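Written below as structure tokens is the structure these notes are about.
Worth saying up front: this structure is predicted, and the values here are computed from it rather than measured. What's counted below: heavy atoms across the whole structure, side chains too, no hydrogens, waters or symmetry copies.
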Amino acid sequence: KPTGIAGEAMMRAETPQEQFNLIGAGRRNRIINGDFKVSQRGTYSSATTITNWQYYVDRFGCYGQSNGAKLTHTDNSLKLEAFTTATNRMFVITKLETVDIQKNTTYTLSFYVTTNSSNFRVHVNDLSSPVLTYTSPSVVVPNGVRTKVSVPVTVGATVTTVFEIAIGLFASGRNNVAITSGDYFVLEEVQLELGKVATPFEHRSYGEELALCQRYFEKIDIHYSGIPVGLGQNFQNRKAIGPFIFKQEKRATPTIPSVVIGIDGGDGTHTFAFYATTTSCNGSSSSTSPTIYPADITETNFSIQASAEL
């Protein structure tokens, strides 16, 4: 009796884990936000000039031709396009904690890509000692045609720090390559899973994906006034605010940029520096005020951005 495509894939599987993955049991995808649905930092529906090594859509950093590229984000895709011509690189990069990666194991990286460049590649770097790096050959994709790509990824025994995956336009070793203005690539459904077979993309709920992202970055939006502001102990002319409890514990103590917050009672605005643990943060004003009251409240909206990215 013919087994069909699914049956043939099950028969080709070499381990029980691969068969487990094929039937969709458990969480398969090691990539967080592989469908690009979570974007806490902002909305990039219009092309946005990127700054190298910055995060935009959650869990995916960007490098763009020495700041000569633009990012466009939809509900389920991410696009980078060069607007200058140079010998450089243009890619997205996602980093995994080694606790999420099994040593001495074969994984399969898969995704959909649309590109007009012949320099599209995948680069894997485990940042261990000795460093394991791998760059795929140029991925042959018909010009402008949405194509499913699968790349084998072998993890050795030396993974000790961060596991990086870069996807985009570069030469072997993630080195510079000729990039022309207008070169682009669009990514969808990025997945890294155990085994040698690429299975259909694992769609998780938005709430689950957001919680996974918030281990590395969390934005707390205060959309109303009236948050109590106290006086800092032994600081007569300074104010304190908090604590703010994170929705998810961070992987490490996060960094938080200072925030300008308006205080009522004619007290103007104050710049608050934030001090954090992996579970919460507190703010303290860094400027003095001639009109300090013990029962002040905020009168402006503000956001706290806590980053514990790898």
Side-chain angles (χ1 to χ4, degrees), residues 31-97 111 113 115 117 119-125 127 161-170 174-177 179 181 183-188 190 209-210 212-221 246 248 250-260 273-274 276 281 302-310:
I31 301 291
I32 297 175
N33 202 32
D35 54 2
F36 308 112
K37 289 189 179 298
V38 180
S39 185
Q40 297 180 79
R41 293 171 176 84
T43 301
Y44 310 104
S45 55
S46 298
T48 301
T49 301
I50 65 171
T51 300
N52 287 344
W53 305 115
Q54 296 298 307
Y55 284 86
Y56 294 88
V57 177
D58 277 56
R59 300 301 302 127
F60 284 85
C62 295
Y63 187 95
Q65 182 108 312
S66 295
N67 305 327
K70 293 185 177 182
L71 174 147
T72 306
H73 171 235
T74 70
D75 285 342
N76 60 1
S77 70
L78 187 152
K79 177 182 180 181
L80 283 187
E81 181 172 0
F83 63 85
T84 61
T85 296
T87 299
N88 214 296
R89 302 170 291 170
M90 183 173 71
F91 57 86
V92 298
I93 186 167
T94 188
K95 300 180 181 181
L96 286 71
E97 296 179 74
F111 50 85
V113 62
T115 183
S117 173
N119 291 312
F120 184 83
R121 290 177 171 87
V122 172
H123 179 84
V124 177
N125 187 351
L127 298 186
T161 53
V162 177
F163 194 83
E164 294 184 342
I165 298 174
I167 306 174
L169 309 186
F170 43 75
R174 211 169 76 190
N175 290 312
N176 292 341
V177 72
I179 296 178
S181 179
D183 285 356
Y184 74 90
F185 64 89
V186 181
L187 292 179
E188 303 171 62
V190 182
E209 209 71 49
L210 175 61
L212 292 171
C213 291
Q214 286 174 333
R215 173 172 168 79
Y216 305 91
F217 177 86
E218 184 175 336
K219 183 180 180 183
I220 303 174
D221 289 319
F246 299 134
Q248 298 294 328
K250 303 297 169 275
R251 69 161 193 93
T253 301
T255 58
I256 303 176
S258 296
V259 180
V260 176
F274 281 83
C281 64
F302 60 95
S303 296
I304 299 168
Q305 298 190 36
S307 177
E309 297 286 3
L310 290 162

Measure the shortest side-chain to side-chain distance between [X] and [Y] over non-hydrogen atoms and say whether it is less than 4.5 angstrom.
{"X": "Phe36", "Y": "Lys79", "result": "no"}
{"X": "Asn119", "Y": "Ile179", "result": "no"}
{"X": "Glu209", "Y": "Ile32", "result": "yes"}
{"X": "Thr94", "Y": "Val190", "result": "no"}
{"X": "Tyr44", "Y": "Leu78", "result": "no"}
{"X": "Phe302", "Y": "Val260", "result": "no"}

So, for [X] and [Y], which heavy atoms are closest and what is the spacing to 0.1 Å?
{"X": "Cys281", "Y": "Ile256", "value": "CB-CD1, 3.7 Å"}
{"X": "Ile50", "Y": "Cys62", "value": "CD1-CB, 3.6 Å"}
{"X": "Phe170", "Y": "Ile167", "value": "CE2-C, 4.2 Å"}
{"X": "Phe185", "Y": "Val113", "value": "CB-CG2, 4.3 Å"}
{"X": "Lys219", "Y": "Ser303", "value": "CE-OG, 3.7 Å"}
{"X": "Ser77", "Y": "Thr74", "value": "OG-OG1, 2.6 Å"}

Look up atom [atom1] in [X] and atom [atom2] in [Y], then write down how far apart they are to the nearest 0.5 Å.
{"X": "Leu71", "Y": "Phe60", "atom1": "CG", "atom2": "CZ", "result": "11.5 Å"}
{"X": "Gln248", "Y": "Phe217", "atom1": "CD", "atom2": "CZ", "result": "14.5 Å"}
{"X": "Glu81", "Y": "Ser181", "atom1": "CD", "atom2": "OG", "result": "7.5 Å"}
{"X": "Lys95", "Y": "Ile31", "atom1": "NZ", "atom2": "CD1", "result": "13.5 Å"}
{"X": "Lys70", "Y": "Ser46", "atom1": "NZ", "atom2": "OG", "result": "10.0 Å"}
{"X": "Tyr56", "Y": "Ser39", "atom1": "OH", "atom2": "OG", "result": "11.0 Å"}

* **Partner set under salt bridge (Lys or Arg N to Asp or Glu O under 4.0 Å) for Arg59, not counting sequence neighbours** => Glu309

* Asked: Who are the side chain to side chain donor-acceptor pair (under 3.5 Å) partners of Arg174, not counting sequence neighbours?
  -> Glu164

* Asked: Within 45 degrees of the axis of the six-membered ring of Tyr63 and under 6.0 Å from its centre: does Arg89 put its NZ or CZ there?
  -> yes

Would a distance-only check, ignoring hydrogens and angles, find a side-chain to backbone donor-acceptor pair under 3.5 Å from [X] to [Y]?
{"X": "Asp58", "Y": "Cys213", "value": "no"}
{"X": "Asp183", "Y": "Ala82", "value": "no"}
{"X": "Thr87", "Y": "Val177", "value": "no"}

* Looking just at side-chain N and O atoms, do Tyr55 and Gln40 make a donor-acceptor pair shorter than 3.5 Å? -> no

* **is_close_aromatic(Trp53, Phe91), centroid dist under 6.0 Å** => yes

* To do: Assess whether side chain to side chain contact (heavy atoms under 4.5 Å, CB included) is satisfied between Gln214 and Val38, documenting all intermediate values.
  => CA-CA 10 Å; Gln214 286 174 333; Val38 180; over 6 Å; no

